[in-house]
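Remarks on the structure that follows.
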2 protein chains.
Amino acid sequence: MATSGKNGTPPATRQVPERCAQCTDRAERLFCNLPEEAIERFDEIAMQISYPSRSIVFEEGQRAAGIFVVCSGQIKLAATSRDGRTMILKIAVPGDVLGLTATLNDLPYEVTAETLEPCQIRSVRRRDFLEFLSHFGDVSRHAAQVIAREYHEVFLDARRLALSGSAAGRLAQLLLDWARTSSCGKPELRFTMALTHEELANMAGTSRETVTRLLNQFERDELIARHGASISILHPVDMERMVG
Amino acid sequence: MATSGKNGTPPATRQVPERCAQCTDRAERLFCNLPEEAIERFDEIAMQISYPSRSIVFEEGQRAAGIFVVCSGQIKLAATSRDGRTMILKIAVPGDVLGLTATLNDLPYEVTAETLEPCQIRSVRRRDFLEFLSHFGDVSRHAAQVIAREYHEVFLDARRLALSGSAAGRLAQLLLDWARTSSCGKPELRFTMALTHEELANMAGTSRETVTRLLNQFERDELIARHGASISILHPVDMERMVG
DNA sequence: ATGCAGGTGTGATGGCGATCACAGTGGGAT
DNA sequence: ATCCCACTGTGATCGCCATCACACCTGCAT
């Protein structure tokens, strides 16, 4: 289920330093890449927490208590309708910030956040975070940019749901979007799929069975290839074309 | 088509002051409500433009040139798929800021903005705007909050599209969401619909004919009432229930 | 009046895909 | 080995709703 392959290694919960100031991955993480003195202050107000696999970080509808920065592990963000349908918004990875918009708007969290593997998370309470923003002007710029990026992602979701006529189109689009962002940079177009068909279905706005059928279809048509949990997109161009 | 009734008055293009500093509506507009000195500077870098009805302010896919603040008039924000399907994201009203996320991310505009009536718009070029943000720390906070709100709106769109199983559900949800935000504050639940059935369909992710049928259905079931272009939601509770 | 164009109402039809049902499969426990 | 459980594969059915087709109803221009 996790990113780890068939080898028995536990999911990639690399050890995370005690303080953000010592984190070596900071530079490549949009939000974390803050000026020195801001980071120092951040370390003072942030609380480091370890979550076991399959635990709930926060739940849809709860009044926003603060923000959560993912340090290690994957986290599923999903919203549920009254009658049990589920929409998976995205799988958050290290560097992502959760609960930002709800915290800024002082609204309930829009989604439920559930760990898919053991995770390390830093959290900051709402009050402290807002004060932090006021104090360090350019952190707000950072935050704005982070939210702008999140906006763009949800926009793509909405677009996919509204404009990709068929289930096949939505799934194809999802795989494409995903391959692009997962292998950030060059079109690696091969990625490991840590999700079940059911979860894919909830991201593509279709049903479990349809996903199964479509993936097999795609494979028969040689649009994709699968080895174990990894998927390669063989013909991105043809793939694009079926998005509609 | 515009908000004006059957009387021959031109659509509500109230005169807008030359400078934001003199704008009396500023206080109630999230983004515009800036500290004095920021407003002064904003007036220096902003350009005031009048657009006739049915004109394009910017187009989906264009590299972001800057932001646009709506001073008067309504503007349709829509995205289109290769094969001509259209998704209407929202109808922007005075106080809304367009192109914010694209500008911050230095990405192409996500949508096309088309005026529905004569509009007054203030625009700021990307470079100037970014510099403006750097200079006035707390404006970034404002911007972040504005984007957070936009995020929330798109999120609701995505949620509606993904979770409201039936076309009826999506339309009902749309009318509800809309009545709530349009009559901001108390549940007025009566609002004028400046849109054609076709456009409603493009917002609800369904077809023109289905919208026609559903609206009649809703009226027969006494969920809504219509007088001319205005719609009242009679039984919000029953309405909620059919969202699914 | 006449024509036209954009919007609306309504039936008929067909296809996509949700849903149900159940059979295989594989990996973890014990 | 064996059970079990979550996941995957596949057929059958059936309902929603997109689409086509066409009638009607404004307002507007000529």
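Within every chain, numbering begins at 1; the chains are lettered A, B, ... in the order of the sequence lines, protein sequences first and strands thereafter.
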Sort out for me which residue in A:Glu153, A:Glu110, A:Glu150 forms a salt bridge (charged side-chain N to carboxylate O under 4.0 Å, His left out) with A:Lys90. A:Glu153

Where protein sits on nucleotides 24-30 of chain C, one letter per nucleotide: B base, S sugar-phosphate only, - none, heavy atoms under 4.0 Å: -------

Could you tell me how far apart A:Arg226 (CZ) and D:dG9 (C1') are, to the nearest whole angstrom? 11 Å

Could you verify whether a donor N or O on one side chain and an acceptor N or O on the other, from B:Glu59 and B:Thr112, lie under 3.5 Å apart? no

Whole-Å distance, B:Leu214 CG to C:dT10 P, equals 13 Å

Starting at atom CZ of A:Phe218, determine the distance to atom P of D:dT8, rounded to an integer number of angstrom. 16 Å

Whole angstrom value for the distance that separates P of C:dT8 from CD1 of B:Ile231: 11 Å

Counting N and O atoms only, with roles assigned by atom type, does the side chain of B:Asp96 sit under 3.5 Å from a partner on the main chain of B:Val93, one being a donor and the other an acceptor? yes

Where along nucleotides 13-20 of chain C does protein come under 4.0 Å, by heavy atom, of base (B) or sugar-phosphate alone (S), with - for untouched nucleotides? ----SSBB

The side chain of B:Thr196 is closest to which nucleotide in this list: C:dG9, D:dG9, C:dG7? C:dG7

Step by step, work out the side chain to side chain donor-acceptor pair (under 3.5 Å) result for B:Thr115 and B:Ser53. CA-CA 5 Å; B:Thr115 60; B:Ser53 188; 5.1 Å; no

Taken to the nearest whole Å, CG/B:Leu171 to P/D:dA18 is 11 Å

Please determine whether a side-chain nitrogen of the Lys or Arg among B:Glu114 and B:Lys76 lies less than 4.0 Å from a carboxylate oxygen of the Asp or Glu. yes

Just how far, in rounded Å, is P of D:dG9 from CD of A:Glu198? 14 Å

Check the distance between C:dG6's P and B:Leu195's CG and give it to me in whole angstrom. 18 Å

Starting at CD of A:Gln217 and ending at P of D:dG11, how long is that distance when rounded to a whole Å? 12 Å

Pair B:Gln48-B:Glu18, side chain to side chain donor-acceptor pair (under 3.5 Å): steps then yes or no: CA-CA 8 Å; B:Gln48 159 91 340; B:Glu18 283 298 311; 5.7 Å; no

Reckon A:His197 has a side-chain N or O less than 4.0 Å from the OP1 or OP2 of D:dA6? no

Just by modelled atom types, is the A:Ile67 backbone N or O under 3.5 Å from a matching donor or acceptor in the A:Arg122 side chain? no

Residues which pass side chain to side chain donor-acceptor pair (under 3.5 Å) with B:Arg160, listed by chain and number, not counting sequence neighbours: B:Asp157, B:Asp177

Using the ring centroid of each side chain, check whether B:Tyr109 and B:Phe58 are separated by less than 6.0 Å. yes

